[in-house]
Amino acid sequence: MQTLTKDDVFTPTEMSEINNVKSNIEDFFIHLKAPIELINIIRKGILTGGASASLFHGTRPNDWDVYLTDQNDIDALNKLAKEVDVVTESIEDINPKYGVDTIVEGKLVTPRAVTFKNGLQVITMSRADARDTFDFVHCMPYYDIASRTYHISRRQYDSIKAKKLIHNPKSPQPATYRRQKFLNRGWHD
């Protein structure tokens, strides 16, 4: 399931909860309705970000952030989003009240991400290794889509369960708006 260090020991109850979150993530990808061209690219990525924290707290993630591991896959996704009608149809429409710079007219394809109607958001501004420098440790657990493995450390798990904001020391200080977003959702320092 994951690589554990001596500091990442989990009780059987905690392992059951972790396996349940992993199962929910797998269900999302098993039931993902998307063009095969898109599925083939997504399978090479990782799911990371806030989805794990949402699932541990019994809520559906606002979005499912997938980071790809290779720049060639990011380029291929951007090309698909611009050129393949069946893919473009599955991309979220732009909400005109938000001033967002888009790459595809009327669609939520930005220089940072491609957002799909099913909640999938494929990040295109950086590769999967960017998670090492995420601002908060609760955003760092990840699910490797190709290998179907879920990776979570003891520190990440404890932060999520306690809803405690812990700064990732490999990241610059989190932006004020990011910290405030989590405080508004019931997280604490």
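Since we're looking at a predicted model, the values are computed, not measured.
Residues Thr13 and Thr11 have side chains that never bring a donor and an acceptor to within less than 3.5 angstrom of each other. Using modelled atom types, one finds no donor on one side chain facing an acceptor on the other under 3.5 Å when comparing Asn168 with Ser171. Side chain to side chain, Tyr143 and Thr48 fail the donor-acceptor criterion of an N or O pair below 3.5 Å.
Side chain of Ser16 to main chain of Pro12: no donor-acceptor pair is present (N/O by atom type, distance under 3.5 Å, no hydrogens or angles). Panel note: side chain His57, backbone Ile160; a donor-acceptor pair is recorded below 3.5 Å. Using a distance-only test at 3.5 Å, with no hydrogens or angles considered, a donor-acceptor pair links the side chain of Thr88 to the main chain of Ala81. For the pair Arg131 (side chain) and Met140 (backbone), a donor-acceptor distance under 3.5 Å is present. Remark: the backbone N or O of Thr102 is not paired with any side-chain donor or acceptor of Thr110 at under 3.5 angstrom. For the pair Asp73 (side chain) and Thr69 (backbone), a donor-acceptor distance under 3.5 Å is absent.
Asp158 has a carboxylate O that lies under 4.0 Å from a charged side-chain N of Arg154, or vice versa, which qualifies the two as a salt bridge. Contact check on Glu92 versus Lys107 returns no salt bridge, with no Lys/Arg side-chain nitrogen under 4.0 Å from an Asp/Glu carboxylate oxygen. Between Lys170 and Asp132 there is no salt bridge, since none of the side-chain N atoms of the basic residue sits less than 4.0 Å from a carboxylate O of the acidic one. Ion pair Lys161/Glu14 not flagged as a salt bridge, since none of the NZ, NE, NH1 or NH2 atoms sits closer than 4.0 Å to an Asp/Glu carboxylate oxygen. Here Asp189 pairs with Arg179 in a salt bridge; the nearest charged N to carboxylate O distance falls below 4.0 Å.
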Side chain to side chain contact (heavy atoms under 4.5 Å, CB included) between Leu165 and Leu183, intermediate numbers included: CA-CA 9 Å; Leu165 293 175; Leu183 293 174; 4.0 Å; yes

Chi angles and distances behind the side chain to side chain contact (heavy atoms under 4.5 Å, CB included) call for Asn40, Arg43: CA-CA 6 Å; Asn40 288 337; Arg43 283 186 182 144; 3.5 Å; yes

Leu32/Ile42 under side chain to side chain contact (heavy atoms under 4.5 Å, CB included): CA gap, chis, key distance, verdict: CA-CA 11 Å; Leu32 184 64; Ile42 292 168; 4.2 Å; yes

Derivation of the side chain to side chain contact (heavy atoms under 4.5 Å, CB included) call for Arg155 and Ile166: CA-CA 9 Å; Arg155 187 172 189 211; Ile166 299 173; 3.1 Å; yes

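Between Pro172 and His167 the shortest heavy-atom distance is O-NE2, 3.1 Å. Contact detail for Tyr67 and Ser126: the closest heavy-atom pair is CE2-OG, 3.6 Å. Here the closest non-hydrogen pair linking Leu68 and Ile41 is CD2-O, 3.5 Å. The two residues His138 and Ala53 make their nearest non-hydrogen contact at CD2-CB, 4.1 Å. Of all non-hydrogen atoms in Gln121 and Ala113, the two that sit nearest each other are CG-CB, 3.9 Å. Of all heavy-atom pairs spanning Lys82 and Ile103, the tightest one is CE-CG2, 3.2 Å.
Side-chain contact between Gln156 and Pro141 is present, with at least one heavy-atom pair separated by less than 4.5 Å. By the 4.5 Å heavy-atom criterion applied to side chains, Leu77 and Leu38 are counted as neighbours. In this structure the side chain of Lys44 never reaches within 4.5 angstrom of the side chain of Ile145, judged on heavy atoms. Val66 is not listed as a side-chain neighbour of Ile46, based on a closest heavy-atom distance of 4.5 Å or more. Inter-residue side-chain proximity for Lys163 and Phe182 is flagged as unmet; no heavy-atom pair is nearer than 4.5 Å. Contact check for Arg112 versus Ile123: no side-chain heavy atoms found under the 4.5 Å cut-off. At least one side-chain heavy atom of Ile152 sits less than 4.5 Å from a side-chain heavy atom of Ile18. Between Leu108 and Asn95 there is no side-chain heavy-atom pair separated by less than 4.5 Å.
Separating the CZ atom in Phe134 from the CZ atom in Arg178 is a distance of 8.5 Å, to the nearest 0.5 Å. Taking CZ of Phe28 as the reference point, atom CZ of Arg60 lies at 6.5 Å (rounded to 0.5 Å). A distance of 12.0 Å separates CG of Asp8 from NE2 of His151, quoted to the nearest 0.5 Å. Between the OH atom of Tyr157 and the OG atom of Ser52 there is a distance of 12.0 Å, given to the nearest 0.5 Å. Taking CD1 of Ile25 as the reference point, atom OH of Tyr142 lies at 12.5 Å (rounded to 0.5 Å). Within the model, atoms CG of Asp63 and CG of Leu47 stand 9.5 Å from one another, a figure rounded to the nearest 0.5 Å.
Of the candidates Thr124, Val104, Val122, Val104 is the only one forming a side chain to side chain contact (heavy atoms under 4.5 Å, CB included) with Val109.
Under the 4.5 Å side-chain heavy-atom criterion for grouping Ile, Leu, Val, Met, Phe, Trp and Tyr, Val114 is not connected to Met125 through any hydrophobic cluster. Hydrophobic clustering keeps Val137 apart from Leu55 (ILVMFWY residues linked when any side-chain heavy atoms are closer than 4.5 Å, directly or through intermediates).
For Phe29, there are no ring pair (Phe, Tyr, Trp, His ring centres under 6.0 Å) partners two or more places apart in sequence or in a different chain.
Summarising the local packing, NZ of Lys79 is surrounded by 12 or fewer heavy atoms from other residues, nucleotides or ligands at distances under 6.0 Å. For Asp101, the CG atom counts as loosely surrounded, since its 6.0 Å shell holds 12 or fewer non-hydrogen atoms of other residues, nucleotides or ligands.
Taking the six-membered ring for Trp and thresholds of 30 and 60 degrees, Phe56 and Tyr150 have ring planes inclined between 30 and 60 degrees apart.
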